[in-house]
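Predicted model, so just to flag it, every value in this text is computed and none were measured. Residue numbers start from 1 in every chain, and the chains themselves are labelled A, B, ... in the order their sequence lines are given, proteins ahead of strands.
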Amino acid sequence: MPEKTEKQIVFDKVKDTPPLAVSLYTMDYNKTGSWRNVRPVIDYEKCTGCMTCWKFCPEPAIDAEKYEEDGKEKYKPVIDYEYCKGCGICWVECPVEGAIYTEEEGE
Amino acid sequence: MPEKTEKQIVFDKVKDTPPLAVSLYTMDYNKTGSWRNVRPVIDYEKCTGCMTCWKFCPEPAIDAEKYEEDGKEKYKPVIDYEYCKGCGICWVECPVEGAIYTEEEGE
Amino acid sequence: MKLTIPEEEIMGHGHLACQGCGGALAMRYTLKTLGRNTVLSVPACCWSVIDGPFPHSAVNIPVFHTAFEAAASTASGIKAGFEIQGKDVNVVAWAGDGGTYDIGIQALSGAAERNDDILYICYDNEAYMNTGVQRSGSTPLKAWTTTTPVAHPKDRPKKDLISIMAAHRMPYIATASVAYPEDLTEKLEKAKSIKGTRFLLIFSPCPPGWRADPKNTVKLARLAVETKVFNLLEIENGLDWRITKKIRKPKPVIEYLKLQGRFRHLTEDDVSLIQENVEKEWNILMNKVGE
Amino acid sequence: MKLTIPEEEIMGHGHLACQGCGGALAMRYTLKTLGRNTVLSVPACCWSVIDGPFPHSAVNIPVFHTAFEAAASTASGIKAGFEIQGKDVNVVAWAGDGGTYDIGIQALSGAAERNDDILYICYDNEAYMNTGVQRSGSTPLKAWTTTTPVAHPKDRPKKDLISIMAAHRMPYIATASVAYPEDLTEKLEKAKSIKGTRFLLIFSPCPPGWRADPKNTVKLARLAVETKVFNLLEIENGLDWRITKKIRKPKPVIEYLKLQGRFRHLTEDDVSLIQENVEKEWNILMNKVGE
Amino acid sequence: MRKVMIGNHALSYGAKISRAQVIPAYPITPQTEVVELLSEMCANGEMDAKFIKVESEHSAMTASIGASATGARVFTATSAQGLALMHEVLHWAVGARTPIVMGNINRAMAPPWTIWTEQTDSLAQRDTGWMQLYAQNSQEVLDSVIQAYKVAEAVQIPAMVILAAFVLSHTSEAVELPEQGKVDEFLPPYEPEYRIDPANPHAFGGLTGPDGYFELRYQIQKAIEDALPKWDEVGAEFGEVFGRKYGLIETYKVEDAKNLIISSATLASTARTAVDTLREKGEKVGLLRIRIFRPFPSAQIRSILSSVDRAVVVDRNISFGASGIFYQEVKAAVYNEKNPPPIFGVIAGIGGRDVTKKDIIDIYEDIMRMDEPKSDIIWKGVRL
Amino acid sequence: MRKVMIGNHALSYGAKISRAQVIPAYPITPQTEVVELLSEMCANGEMDAKFIKVESEHSAMTASIGASATGARVFTATSAQGLALMHEVLHWAVGARTPIVMGNINRAMAPPWTIWTEQTDSLAQRDTGWMQLYAQNSQEVLDSVIQAYKVAEAVQIPAMVILAAFVLSHTSEAVELPEQGKVDEFLPPYEPEYRIDPANPHAFGGLTGPDGYFELRYQIQKAIEDALPKWDEVGAEFGEVFGRKYGLIETYKVEDAKNLIISSATLASTARTAVDTLREKGEKVGLLRIRIFRPFPSAQIRSILSSVDRAVVVDRNISFGASGIFYQEVKAAVYNEKNPPPIFGVIAGIGGRDVTKKDIIDIYEDIMRMDEPKSDIIWKGVRL
Amino acid sequence: MVEIRLHGRGGQGTVVAAKILAAATAKEGKYVQAFPEYGVERRGAPVKAFIRIDDGIIYIKSKIYEPDHLVILEPALIGVIDMTYGLKEGGWIVVNSNKNPEEMKFDGNFKIATVPATKIALKHHLGSQSSPIVNTAILGGVVKILGLCKLETLTETVKELVPIKEDENVAATLEAFELTKGGE
Amino acid sequence: MVEIRLHGRGGQGTVVAAKILAAATAKEGKYVQAFPEYGVERRGAPVKAFIRIDDGIIYIKSKIYEPDHLVILEPALIGVIDMTYGLKEGGWIVVNSNKNPEEMKFDGNFKIATVPATKIALKHHLGSQSSPIVNTAILGGVVKILGLCKLETLTETVKELVPIKEDENVAATLEAFELTKGGE
Ligand SMILES: Cc1ncc(C[n+]2csc(CCOP(=O)(O)OP(=O)(O)O)c2C)c(N)n1
Ligand SMILES: Cc1ncc(C[n+]2csc(CCOP(=O)(O)OP(=O)(O)O)c2C)c(N)n1
Ligand code: SF4
Ligand code: SF4
Ligand code: SF4
Ligand code: SF4
Ligand code: SF4
Ligand code: SF4
Ligand SMILES: [Mg+2]
Ligand SMILES: [Mg+2]
C-alpha cells in the first residue's frame with residue numbers, strides 16, 4: 001500500500017529515484033484546505049445524519065463516522081478541513097435547511 | 001489529360017523525373033491480355049446486344065460499340081483482347097446461352 | 001441507517017481536481033464499487049493531473065498512464081498480460097470524452113469489435129478540459145468553448161456515442177450520472193459481472209469548463225437528467241435498450257442551461273431549438289427502448 | 001436500347017487488379033457516375049496498387065494517395081483547400097474495409113462528426129487483401145483468413161459499420177453492390193447532390209481473398225443480396241432507413257457460402273448458425289426500416 | 001505596431017499575417033493558445049481561412065497535407081505527443097512536397113506525463129525531412145513564420161518553427177507586428193507546379209519501385225540543400241524590408257573567440273548573457289546559436305569552428321544510447337576538417353529543468369578545466 | 001534442427017522459442033508472414049500466447065506496452081508506415097521501461113508508396129530510446145530475438161530486431177532452430193521489479209515536473225549504456241551455448257586493414273564478398289559491420305578506426321538535410337579521437353535499389369581515388 | 001533590470017496582472033518579460049507570476065530566483081506558503097491588505113506597502129463576493145510604490161487588456177493608487 | 001555457386017518451387033537462398049523467382065542478374081516477355097512443354113530440356129484445368145537435368161512443403177523426372 005506523507009516527496013538524488021515514474025506515496029501531503037474560500041460548517045443540532053453531504057463530496061473531505069444509538073448503527077458526517085476545498089456541493093445538496101452553514105475564510 | 005504509352009515509363013535520369021511522384025501516363029502500356037488463361041469469344045449470332053457483359057467487365061475490356069439499326073441506336077459488345085484478363089465474369093453473366101463461349105489460351 | 005453506496009473510500013483526498021469536479025466524484029464512486037482488484041488505464045485527460053505528481057497518487061489502486069489515443073488498446077494489452085499469467089483482475093480504461101469520442105474512438109472501436117474483456121469508462125465533461133476547454137465531439141450544440149468562440153459556437157450536436165457503441169453490439173453499455181450514485185453503483189456492479197467489452201458513460205460536470213459555480217456540480221448533473229438532456233440508460237448486446245431513471249415531468253432545458261456560463265450567449269431561439277432537439281432525441285430514444 | 005449505366009469510361013484498362021476484382025468494378029461504376037470533376041483520397045489498400053506504378057495511373061482523375069488511416073482526414077483537407085480557393089469539386093475518400101472499419105474509423109468518425117463535405121466510399125472485400133488476406137473488422141463470422149486460420153476462424157461477427165455511421169447522423173448513407181450497378185449509380189447520384197458527409201459501402205468480392213473463382217465475382221455479390229447476407233439500403237440523416245432492393249424469396253446462405261474457399265471448413269452447424277444470424281439481422285433491420 | 005504577447009500568439013499572428021488559408025489543428029498544452037487565437041480569428045472574420053477542428057494530430061497533419069496539395073497555404077501547430085503522433089505523416093508531407101508551416105512547442109516526451117520544455121520531441125523528427133527552425137524570442141517566432149513560408153514554398157519542403165514550452169510559449173514579450181501590405185509583397189501567394197486539380201489530373205504518390213524511388217528521394221535532398229542559401233537570402237531580405245535580419249546561424253562575439261559555446265533557442269539566448277559575464281572575466285568566449293537545424297548548416301558551423309580552440313555544445317535534449325543531438329550533428333559536420341577543435345557535449349535542462357546564466361558559466365568553466373572530452377555526455381543539473 | 005525458412009519466419013520462430021506470451025500485431029507488407037505464422041501457432045496451440053488482432057500499429061504498440069507492464073513477455077512486428085505510426089508510443093515504451101521485443105522489416109517510407117527495402121524507417125526512430133539491432137541473415141534474426149529479450153529485460157529497455165525487406169524477409173535460407181530446453185535455460189522468465197499489480201498498487205507515469213523528470217531520463221541513458229557490455233556478454237554466452245557468437249559489431253579482415261568499409265545488415269553481408277575480391281586485387285581492406293545501432297557502440301568503432309587510414313560508410317538510408325545516418329553517427333563517435341582517419345559517406349540502395357558486390361567495389365575504388373571527403377553525401381546508384 | 005514576483009490564487013488574475021504591468025511598461029519603451037510559474041492552475045490553489053523589466057533587450061530566459069520586489073494578491077496565503085524566499089534585501093512587498101504596513105509581519109529586511117485591493121475590487125464588483133478579482137486594484141498600488149510607469153499608462157493598458165468591466169477596473173486601479181499605504 | 005532463375009505466372013507456385021528446390025539441396029548440406037522477384041503478384045501475371053546454391057555460407061545478398069540456368073514453368077510467356085536476358089552462355093533452360101527440346105527456340109547458346117509438366121499436373125489433379133499447378137512436376141525435370149540433389153531428397157522435401165495432395169505431387173515429380181527430355 002502506498003505510504004502517507006506530510007510533505008511532497010521530491011527525490012534528491014538519482015539513486016533514491018525509482019527507475020521509472022511509479023507512485024509510492026499518497027496525495028495526503030497536499031492539504032487542499034488552503035484552496036478554500038468558504039468554509040462549510042455542520043450544525044449537528046439540525047443534521048439528520050442522512051449522509052447526503054458525505055455521498056456527494058468529491059474530495060472526499062467528509063468522513064462517515066459510525067456510531068451506535070438506540071442499538072442502531074448510525075452515521076455522522078465530519079468535515080475534514082485539511083482537505084475540504086470549499087466547493088459548496090455539500091451545502092447545496094444537504095436536504096435540511098441550515099444543517100450546513102458557511103463561513104468566509106479570511107485574512 | 002494523361003498520355004497513353006505503349007511501354008512502361010521509367011525515368012532514366014533525375015532531370016527527367018518530376019519532383020514528386022505524379023502520374024503523367026495511363027496504364028495502357030500494361031497489356032493484361034497476357035494474364036489470360038481462357039479467352040471469351042462472343043458469338044454475334046446469338047448475342048442480343050443486351051450489354052450485360054459490358055456492364056460487368058472490371059477491366060474494362062469490353063467496348064460498347066454504338067451503331068444504328070432500324071433508326072435505333074444500338075450497342076454491340078467488342079472484347080479487347082489486349083486487356084481482357086479472362087476472368088470469366090462476362091460469360092457467367094451473359095444471359096444468353098452460348099453467346100459467349102471460351103477458348104483455352106495455349107502454348 | 002444504511003449507506004446507499006459502498007462505504008470504503010479507495011480514492012484518497014489531496015488530489016488535484018478543481019473544486020467541485022464531477023470527474024473526481026465519478027472516480028470516487030467507481031472505485032468504491034469495483035474495489036481494489038482493479039487497475040486503470042488512463043489516457044491524457046484531467047485525471048492524468050488529478051491523480052497527483054510523481055511519486056504520488058491519489059487512487060490507491062494501480063494506474064497505468066497511457067497515450068491520449070490509447071486507453072482501450074492499453075487496457076486490452078493489460079488484460080491479455082494478466083490472462084496469460086492466470087490472473088483475474090478488473091481492467092478498466094478510464095478516459096475523458098475527448099479521449100473517447102474523438103482521438104480514442106478507434107482503439108475503443110477495435111477493442112469492442114474484438115470483444116476484449118475490458119470495462120471502458122468515459123467520464124464525460126463535454127470538452128477538452130485538461131488543455132483549457134476546447135471543443136470535443138461531445139460538446140453540445142451551441143456551447144461555447146475556446147475553439148468554438150461566442151462568435152461561432154459549436155455548430156454540431158453532441159456525437160451520439162451511445163448509439164455508436166450500441167452498434168458495436170457490446171455485451172453491456174450504460175449511461176450514468178454523478179448525481180445518481182446509487183444508479184451508477186448498480187450499473188458498475190452489473191458491468192463487473194459481465195465478460196467482454198463493456199462501456200459506461202458517466203456524465204460529470206466541470207465547473208471551470210462549463211463556467212459554472214462549483215457548488216452546482218451535482219445539481220447540474222441532476223438537471224441534465226431531469227430536463228432529459230442526458231438520459232440514464234442500459235443497453236444489453238447493443239439491442240435491448242432500457243431507461244433506468246424515468247422522468248415523469250421533465251423540466252425545461254433552460255433551467256439546466258442558465259446555470260452555465262458556456263451557454264450565456266444563447267438567444268431565446270437557441271434555447272427553443274435546444275428544447276426541440278431534446279424532445280426529438282427523446283422520441284428517437286423511446287423508439288429504441290420500445291416504448 | 002439505352003445503356004443502364006453511364007457510358008463514359010473514365011477508369012482506363014491496364015490496371016493491376018486481379019482477374020475478376022470487385023474493387024475494380026466498384027471504381028469503374030463510381031467514376032462513370034461522379035464524372036471528371038472528382039478527386040480521390042486513397043489510403044493504403046488494393047487500390048494503391050491497382051492504379052498502377054509511378055508515373056502511371058489508371059483512373060484519369062486526380063488521385064491523392066494517403067496514409068492507411070487517413071482517407072477521411074486527407075479528403076477533409078482537400079475539400080477545405082478547394083473551398084478556400086472557391087473551387088467546387090467532388091471530394092471522395094476511397095478506401096478498403098480495413099481502412100474504414102479498423103485503422104481509418106477515427107478519421108472517418110471525426111469527419112462525420114464535423115459533417116465535412118466529403119463523400120466517403122468503402123469498397124468492402126471483407127479483409128486486408130493488399131497485404132495477403134488478413135482479417136479485418138469486416139470479415140464475417142467463421143471466415144478463414146491468414147490471421148483467422150481454419151483452426152480458429154473468425155470468432156466475431158462482421159462489424160455493423162452501417163449502424164455505426166447511422167449513429168453519426170450523417171446526411172446520407174447507403175450500401176450498394178457491384179452486382180447492382182444501376183442501384184449503385186442512383187445512390188452515387190444522390191450522394192453527389194447532398195452537402196455534408198456522405199457514406200457509401202460497396203460490396204466488392206475479391207476472388208483470391210475469398211478463394212473464389214474470378215468468374216463468380218458478380219454472382220457472389222448478387223447471392224449476398226439474394227441470401228440477405230448483404231442488404232441494399234439507404235439511410236437519411238441516420239434516421240430514415242430504406243431498403244432499395246427487396247428480396248421476396250431469400251435463398252439459403254449455403255448457396256453463397258459454398259462458392260468460397262474461405263468458408264470451405266464450415267460444418268453444417270456453422271452454416272445453420274450463419275443462417276440464423278442472417279434471419280436475426282434481417283429482423284433487426286426490419287425494425288429500423290419500420291416494416 | 002508593437003504588442004505585448006506570449007510566444008504562442010506570436011505564432012498565431014505569424015500565420016495570420018502570412019495569410020494561411022487552411023488551419024487543421026488539435027489542442028495540446030502548451031500549444032493551445034495558438035489554436036484558440038486562430039480559431040477566434042477565423043470565427044470572427046479577422047482571417048479568411050478555414051479552421052478544421054480535427055479529432056487528432058494525425059488528422060491535423062493529413063488534412064494539412066491534403067489542403068496543401070490543392071495549392072492552399074496551410075498552417076498548423078502542435079507539441080510533443082501531438083508531434084510524435086504525426087510522425088508517419090510528417091514523412092508524408094515531405095514525400096508529397098507540401099510546404100506546410102507548423103509551429104511546435106518543445107515539450108518533453110511522456111511517460112511520465114510532463115508539459116515542460118525539452119527539444120527531444122522535435123529533434124526526434126530530424127529524419128523526416130522537415131526543415132526545423134529554433135527561435136529564441138517571440139519576435140523571431142513571428143518573423144520566422146513568414147520566412148518559413150517563403151523558403152518552404154520555394155523548395156517545396158515543409159518547415160517547423162519551434163519554440164520552448166513556457167519559457168517562450170507563455171512568456172509575454174513586446175513584439176513588432178509587420179504591416180500586412182509589406183508582408184503580402186514579401187510573401188506572394190503560393191503557386192505550386194503540381195496540385196490536385198481535376199482539370200489536370202495526376203495521381204500523387206503512386207506505387208514506385210526500386211527503379212524510380214531513389215531519384216525522387218535524391219530530389220528531396222537537393223531541395224533541402226537548396227534551402228540552405230535560401231534561408232540566408234530570405235533572412236537578409238527580411239532584414240531589408242522589416243529591419244530585422246536573420247540567418248541560418250547567429251553568432252555573438254566570435255570574431256576573436258578562442259572558445260565557443262554552441263546552443264540553440266532560449267538556451268542560446270541565456271548563454272549570451274553568460275558570454276558577457278565571461279568576457280568581463282577576461283575569457284575569450286563566443287556564442288554560436290544554431291537557428292536552422294534542418295537543413296543542417298554544416299558549412300557555416302565549420303567556418304566558425306575552424307578558428308577556435310575548443311567548443312562546447314549545450315543540448316536540451318538527448319538521443320538515448322548516443323548523446324545530445326546538436327552535439328552529435330555538430331561533430332559529424334566538422335569531422336573531416338583539418339585539425340578541428342575538441343568539442344564537449346553537455347546535456348542540461350531536460351524536462352524543463354531551468355538553465356540559468358550561472359549554469360552556463362559553470363559549464364564553460366568546467367569544460368575549460370578538462371583536458372579532453374572523456375565521454376559523450378557531460379551532465380549538467382541532474383542530481384546525481 | 002535445420003529448416004529452410006524466410007527471414008520473416010525466423011522472426012516468428014524467434015518469438016516462439018523465446019516464449020513470447022502476448023503478441024499484439026497488425027499486418028503490413030513485407031511483415032505479414034511474421035504475424036500470419038504467429039497467429040497460426042497461437043491458434044493451433046503450438047504457442048501458449050495471446051495474439052491480439054489489433055486495429056492499427058498504434059494499438060499494437062500500446063497493447064504491447066500494457067501487457068509488458070503486467071510482467072508478460074511481449075512480441076510484435078511491423079514495418080515502415082506501421083513503425084512510424086507507433087512513433088509516439090515507441091517513446092512511451094522506453095519511458096515506461098517495458099522490454100518489448102519487436103521485429104521491424106526495413107521498408108522505404110511513403111509517399112510514393114513503395115514496399116522495398118531502406119533503413120530510414122527504423123533509423124528515424126533513433127531518438128526514441130529503443131535498442132536497434134540490424135541482422136544480416138535469417139539465422140541471426142532468430143538468434144537475435146532470443147538475445148534481445150535477454151538484454152532488454154536486464155536493462156528494461158525495449159529492442160528492435162531489424163531485417164531488410166525481401167532481401168532478408170522473403171529470402172529462404174537454412175536456419176538452425178535451437179532446442180527449446182536450452183533456450184529456456186538461457187532466457188529465464190521475465191520478472192520485473194515494478195509491474196501492474198493490484199496487490200501492490202502504483203501509478204505508472206504520473207505527471208512529473210522539472211524537479212523529477214531529469215533524473216528519470218538520466219536513468220534511461222544509464223540503462224542503455226549498461227546494455228552495451230550486456231550485448232557483448234549475451235552474444236558470447238549465446239556462442240557458448242548454441243555455437244554461434246555475436247557482438248555489438250562484427251569485423252572481417254580488419255587486423256591488417258588500411259582501409260575500412262563500414263556498413264550494416266545485408267549490405268554488410270554483400271560487402272564481405274567485395275572485401276574478398278578487393279583483397280585478391282591486393283587491397284588492404286577490411287569490413288566493419290555495425291550490428292547494434294542503439295546503443296551506439298562508439299568505443300568499439302573508435303578502436304577499429306584508430307588503426308586505419310581511411311574509411312567509407314555505406315548507408316541505405318538518408319536523413320534529409322544532413323547525410324546518411326550511420327555515417328553521421330560514426331563520425332560523431334570518432335570525432336574527439338587523436339588523428340582520426342578521413343571518413344567518406346556513401347548513400348546507396350535507397351528504396352530497394354539493388355546494391356551488388358560490384359557496386360561496393362566501385363564505391364571503394366572511387367573513394368580511394370579521392371583526396372578527401374568533399375561533401376557529406378556521395379551518391380551511388382542514383383541515375384543523375 | 002527589475003524583477004518582480006507575484007503571489008495569488010488560481011482565479012484571481014495573477015498572471016494577467018503580470019501581463020498588464022509588463023505591457024504598460026513596454027508602452028513606455030521598456031523591454032519586458034512576464035510569465036507564470038507554469039504548473040497546474042486550479043481555482044483556489046496558490047499561483048505565482050513573474051515580471052522582468054529592463055532598458056535593453058532581455059536575453060535571459062531562465063526563471064527569477066531572487067526578485068527585487070514581491071506583490072501579494074492573496075494575503076490568506078501568508079503563512080500557508082513561504083512567500084519571501086529569495087526576495088532581495090530591502091525589496092518591496094506590496095500586499096493586498098486593509099491593514100497598515102506596520103501591522104504586516106514578514107521575516108527579513110523588507111519594505112512593506114499595503115493596498116486594500118479586495119475591498120476596492122468588491123466595491124467595483126470585480127469578481128464575486130467569495131472570489132474577488134483583485135489584479136487591477138493591486139497594480140495601482142504597485143505603480144504607486146515602484147513607479148515603473150506612469151499611472152495613465154497603467155490605466156490605459158488596464159482598459160485594453162481586461163476582457164470586461166473596463167471602467168470599473170480602471171476605477172479600481174486609480175482608487176488603489178490613492179489608498180496604498182507605505183513608501184510615503 | 002549455382003544461380004537459377006524461374007519464370008512462371010502468379011498462381012502457379014513458382015516461388016514455392018524455388019523454395020522446395022532450395023530446401024532439398026539444403027538437406028544435403030548445401031547453403032541456399034531462394035527468393036521471389038518481389039512486386040505485385042497477381043494470378044495470371046508473370047512472376048520470377050531465384051535460387052542460389054553453394055557449398056559455403058552465401059554472403060551475397062543482391063539479386064541474380066546472370067543466372068546459370070533458367071526454369072520456365074509457363075511456356076505461354078515465351079515471346080511475351082524476354083526470358084533469357086542475362087542467362088549465361090551454355091546454361092540450361094528447363095521448360096514446361098510437351099515438345100521435344102529441339103523444337104524449342106531461344107536466341108542464344110543454351111542447352112534445352114523439356115518437361116511436360118502441365119500434362120503431368122493435370123493428370124495428377126494438381127490445380128484446375130485452366131490453371132494447373134506445375135511446380136512439383138517441373139522440379140522433377142530440373143533435378144534430372146541439373147542434378148542438384150538426389151531425387152529422393154527432392155520427393156521427401158516436396159512431401160514436407162506442399163500444403164495438400166502430398167502423394168499426387170510426389171508422383172508428379174517422379175513422373176516428370178522420367179519424362180524429361182534433353183541432356184541425354
Ligand atoms: C496526442 C495528444 N494530443 C493532445 C494531447 C493534449 N491533451 C491532453 S488532455 C487533452 C484533453 C482531454 O480531454 P478529455 O479527454 O475530454 O478529458 P478532460 O481533460 O476533459 O478530462 C488534450 C487535448 C495529448 N496529451 N496527446
Ligand atoms: C500504417 C499502415 N499499416 C499497415 C499498412 C499495410 N497495409 C496496406 S494495405 C493494407 C490492407 C488494406 O485492407 P483494406 O483496407 O481492406 O483494402 P484492400 O487491400 O482489402 O483493398 C494494409 C494492412 C500500411 N500501409 N500502413
Ligand atoms: S446532508 Fe445535511 S442533514 Fe444530511 S448528513 Fe449532511 S449535514 Fe446532515
Ligand atoms: S465544501 Fe465541497 S469539498 Fe468541502 S466538504 Fe463540502 S462537498 Fe466536500
Ligand atoms: S473475361 Fe473478364 S476481363 Fe475478359 S472481357 Fe470478360 S469480363 Fe472482361
Ligand atoms: S451479355 Fe451476352 S447477350 Fe448481352 S451483349 Fe454481352 S454477349 Fe451479348
Ligand atoms: S477542469 Fe473540470 S474536469 Fe478537470 S479537474 Fe477541473 S473540474 Fe475536474
Ligand atoms: S486482391 Fe482482391 S481486391 Fe485486391 S486487386 Fe485482387 S481481387 Fe481486387
Ligand atoms: Mg473532457
Ligand atoms: Mg479489404
Side-chain angles (χ1 to χ4, degrees), chain B residues 1-39 51 53-66 75 77-90 105, chain E residues 64-66 68-71 89-100 128-131 151-158 190-227 230:
Chain B
M1 280 297 101
E3 254 180 72
K4 295 200 175 205
T5 159
E6 283 299 302
K7 251 192 61 185
Q8 179 170 2
I9 303 293
V10 173
F11 295 109
D12 256 355
K13 301 270 176 217
V14 167
K15 70 171 172 36
D16 305 327
T17 310
L20 67 168
V22 285
S23 70
L24 301 165
Y25 303 93
T26 65
M27 283 297 289
D28 292 30
Y29 79 89
N30 189 35
K31 301 293 158 56
T32 50
S34 71
W35 300 16
R36 192 172 56 235
N37 288 313
V38 181
R39 166 199 296 263
M51 299 310 282
C53 53
W54 167 81
K55 195 168 71 179
F56 287 120
C57 176
E59 297 315 313
I62 304 184
D63 297 329
E65 260 193 36
K66 223 181 259 184
Y75 289 93
V78 180
I79 297 177
D80 183 346
Y81 292 110
E82 275 200 297
Y83 296 102
C84 164
K85 289 176 184 159
C87 69
I89 292 177
C90 55
E105 301 278 336
Chain E
S64 295
I65 292 166
S68 179
T70 69
V89 288
L90 293 179
H91 287 271
W92 210 282
V94 173
R97 308 295 297 270
T98 46
I100 298 156
T128 60
W130 276 68
M131 298 196 282
V151 177
E153 292 172 3
V155 300
Q156 301 267 118
I157 299 281
Y190 172 48
E191 291 294 349
E193 183 184 352
Y194 292 99
R195 60 167 83 191
I196 307 177
D197 179 7
N200 200 358
H202 301 290
F204 293 77
L207 188 70
T208 303
D211 55 10
Y213 186 88
F214 202 166
E215 284 67 30
L216 291 163
R217 293 278 133 170
Y218 174 86
Q219 291 187 82
I220 295 174
Q221 172 62 19
K222 286 297 155 192
I224 198 168
E225 283 175 16
D226 289 347
K230 196 85 198 161

Next on the checklist: Please classify the contact of E:Ala223 with chain B as side chain, backbone, both or neither, using a heavy-atom distance under 4.5 Å.
Outcome noted: neither
Next on the checklist: Minimum heavy-atom separation for E:Val94 and E:Gly129, please, with both atom names.
Outcome noted: CG2-C, 3.5 Å
Item to check | Any donor-acceptor pair under 3.5 Å from B:Asp80 side chain to B:Glu82 backbone | outcome: yes
Checklist entry - Under a 4.5 Å cut-off applied to non-hydrogen side-chain atoms, are E:Ile157 and E:Pro99 in contact? => result no
Checklist outcome for this item: Closest non-hydrogen atoms of B:Cys53 and B:Pro77, given as atom of the first, atom of the second and distance, are SG-CB, 3.6 Å
Next on the checklist: Within the structure provided, determine whether B:Leu24 and B:Pro2 are in side-chain contact (heavy-atom separation under 4.5 Å).
Outcome noted: no
Cross-chain donor-acceptor list, chain B x chain E, under 3.5 angstrom:
residue	atom	partner	partner atom	Å
B:Pro18	O	E:Gln219	NE2	2.9
B:Pro19	O	E:Arg97	NH1	3.0
B:Ala21	O	E:Gly205	N	2.7
B:Ser23	N	E:Ala203	O	2.8
B:Ser23	O	E:His202	ND1	2.8
B:Ser23	OG	E:Ala203	N	2.7

Next on the checklist: Minimum heavy-atom separation for E:Gly95 and B:Leu20, please, with both atom names.
Outcome noted: O-CB, 4.2 Å
Checklist entry - Is it true that the NZ or CZ of B:Arg36 lies under 6.0 Å from the centre of B:Tyr81's six-membered ring and within 45 degrees of the ring axis? => result no
Item to check | B:Val14 portion near chain E, given a 4.5 angstrom heavy-atom threshold | outcome: both
